[in-house]
> 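Sending over a structure as structure tokens; questions will come in a sec.
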Amino acid sequence: MKKSLAIFLESLDLFSTPKLRLEQYPTPSSLAAEIAVTASIIDSEQDVFLDLGCGTGILSVAMGLMGFQVVGVDVDRDALKIAVKNSRKADVDVDFVQQDVRYLMLKKRAGIVMNPPFGIKKRHADRIFLKKAFETGNVIYSIHSAGSEDFVRKMAEFNGFQVTHVWKYRMPLRKTYHFHQKQYKLIPVEVFRMEMVLK
Ligand code: SAH
């Protein structure tokens with residue numbers, strides 16, 4: 001299941017001209033498949049997932065293929081056009097909205113999946129996403145650069161969430177920007193699952 005999902009996701013289109021300012025790095029297929037399959041097991045009762053900063057939609061499509069209803073949100077129209085194309089190819093129940101995640105307001109909490117900007121070029125870029133995830137989510141899957149665990153745990157606790165799972169990965173990143181020297185680079189990342197603490 002995970003393997004065939006990853007193989008399909010590998011065929012999706014990526015950012016054509018990634019925008020450095022927005023830290024557009026796609027999630028690798030294997031990691032997207034891992035998250036979606038895990039969510040389909042642990043969070044099967046969840047109906048809707050929001051993909052915050054969905055980019056070209058790999059996480060949205062992966063979650064859609066696992067049977068969730070998904071709404072992908074991104075500020076970048078060019079990325080969303082590719083995401084729409086990818087979701088049509090996969091024939092999944094995914095809608096896309098062009099919006100800065102900071103201005104998102106929901107009536108009802110939903111599941112959240114996200115690979116936000118890590119905040120390397122723009123400080124605290126991932127803080128904005130975490131804040132929104134705690135405000136609108138009940139369950140959150142989120143990818144961060146290695147070394148984020150303390151920060152994420154503290155922020156979760158402060159916002160009434162608890163970290164239930166932490167996965168450490170080496171994420172193979174393709175050469176995306178001209179300043180990358182190698183074709184592939186392994187970036188250590190941490191993936192968190194968090195849930196609301198019921199009072
Ligand atoms: N989630 C995608 C893309 C990750 S790159 C994937 O897993 O492949 C981070 C994405 O966040 C980019 O597509 C970028 O356009 C988007 N982004 C950055 N700042 C944003 C903001 N304030 N609001 C919405 N999207 C934003």
Side-chain angles (χ1 to χ4, degrees), residues 5-6 8-39 49-66 68 70-87 89-90 92 94-106 110-137 140-145 148 167 169-177 180 185 187 189-193:
L5 178 59
F8 175 78
L9 295 174
E10 193 63 35
S11 74
L12 298 179
D13 288 342
L14 298 172
F15 294 104
S16 47
T17 43
K19 301 184 174 91
L20 189 53
R21 180 179 53 85
L22 295 171
E23 290 192 40
Q24 295 184 323
Y25 291 96
T27 303
S29 315
S30 55
L31 182 50
E34 181 80 42
I35 291 173
V37 170
T38 303
F49 267 88
L50 283 183
D51 178 0
L52 299 183
C54 64
T56 52
I58 188 165
L59 288 170
S60 300
V61 168
M63 298 298 278
L65 284 169
M66 294 317 293
F68 295 109
V70 187
V71 182
V73 181
D74 204 289
V75 75
D76 181 25
R77 191 169 187 79
D78 297 329
L80 287 174
K81 283 187 195 154
I82 300 171
V84 168
K85 199 173 146 215
N86 283 334
S87 70
K89 180 172 180 189
V92 282
V94 184
D95 290 308
F96 292 101
V97 181
Q98 185 186 6
Q99 166 105 59
D100 186 319
V101 298
R102 280 174 293 181
Y103 307 129
L104 204 63
M105 281 188 243
L106 294 188
I112 306 283
V113 64
M114 61 186 192
N115 176 11
F118 289 167
I120 294 159
K121 290 286 157 194
K122 205 167 142 194
R123 269 185 89 209
H124 304 318
D126 57 348
R127 192 187 291 262
I128 293 167
F129 278 70
L130 278 168
K131 192 166 166 260
K132 190 49 70 172
F134 294 133
E135 193 184 302
T136 54
I140 302 166
Y141 288 84
S142 189
I143 307 173
H144 296 268
S145 53
S148 299
W167 294 277
Y169 270 94
R170 284 187 180 275
M171 170 159 132
L173 275 192
R174 263 174 251 240
K175 180 178 164 79
T176 314
Y177 298 106
H180 290 167
K185 203 175 160 198
I187 308 281
V189 297
E190 292 164 357
V191 185
F192 300 91
R193 179 186 177 276

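Just follow the structure's listing: the first ligand is 1, and inside any ligand the first atom is 1. All values below were derived from every heavy atom in this structure, side-chain atoms included, with hydrogens, water molecules and symmetry-related copies excluded.
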> Strictly under 4.0 Å, does any heavy atom of T56 approach an atom of ligand 1?
no

> Write out the residue and atom name of the closest protein heavy atom to atom 23 (N) of ligand 1, then the distance separating them to 0.1 Å.
V101 N, 3.0 Å

> Would you name the heavy atoms of M171 and P28 that are closest together and state the gap between them?
CG-CG, 3.4 Å

> Could a heavy atom of Q99 be found less than 4.0 Å from some atom of ligand 1?
yes

> Contact between M63 and V92 at the side-chain level, heavy atoms closer than 4.5 Å - yes or no?
no

> What protein heavy atom sits nearest atom 7 (O) of ligand 1, and how far off is it?
T27 OG1, 2.4 Å

> Which atom pair, heavy atoms only, marks the closest approach of A79 to Q24?
CB-NE2, 4.2 Å

> Would you call K19-D78 a salt bridge at under 4.0 Å N-O?
yes

> What's the shortest distance from atom 16 (C) of ligand 1 to any protein heavy atom, and which residue and atom give it?
D74 OD2, 3.2 Å

> Using a 4.0 Å heavy-atom threshold (strictly under), name the region of I58 that reaches ligand 1: side chain, backbone, both or neither.
side chain

> Taking only heavy atoms of L59 into account, list the atoms of ligand 1 that are under 4.0 Å away from them.
7 (O)

> Please could you name the atoms of ligand 1 that E23 approaches to less than 4.0 Å, counting only its heavy atoms?
5 (S), 9 (C)

> Relative to the heavy atoms of P26, which atoms of ligand 1 are at a distance of less than 4.0 Å?
8 (O)

> Holding to side-chain contact (heavy atoms from CB on, under 4.5 Å), I want the full list of residues that pass it with L104, two or more places apart in sequence or in another chain.
L50, L52, V73, Q99, K132

> Does some side-chain heavy atom of D13 sit less than 4.5 Å from a side-chain heavy atom of K89?
no

> When the ring planes of Y141 and F49 are compared, do they come out parallel, tilted or perpendicular, using 30° and 60° as the limits?
tilted

> How far is atom 17 (N) of ligand 1 from the closest protein heavy atom, and which atom is that?
F129 CZ, 3.9 Å

> Please find the pair of heavy atoms, one from T56 and one from L14, that lie closest to each other, and give the distance.
CG2-C, 3.6 Å

> Taking all non-hydrogen atoms of both residues into account, name the closest pair between A32 and I58 and its distance.
CB-CG1, 4.0 Å

> What part of Y25, side chain, backbone, both or neither, has a heavy atom within less than 4.0 angstrom of ligand 1?
backbone

> Among protein heavy atoms, which sits nearest to atom 3 (C) of ligand 1, and what does the distance come to when rounded to 0.1 Å?
G53 O, 3.5 Å

> Please state which protein non-hydrogen atom is closest to atom 2 (C) of ligand 1 and give its distance, to 0.1 Å?
C54 O, 3.2 Å

> Could you work out, with salt bridge (charged side-chain N to carboxylate O under 4.0 Å, His left out) as the rule, every residue matching R102, not counting sequence neighbours?
D100

> Identify, by atom number and element, the atoms of ligand 1 in contact range of Q24, meaning under 4.0 Å from any of its heavy atoms.
5 (S), 12 (C), 13 (O), 14 (C), 15 (O)

> Atom 18 (C) of ligand 1: which protein heavy atom is closest, and how many Å away?
P117 CG, 3.5 Å

> To which protein heavy atom is atom 21 (C) of ligand 1 closest, and what is the distance rounded to 0.1 Å?
D100 OD1, 3.8 Å

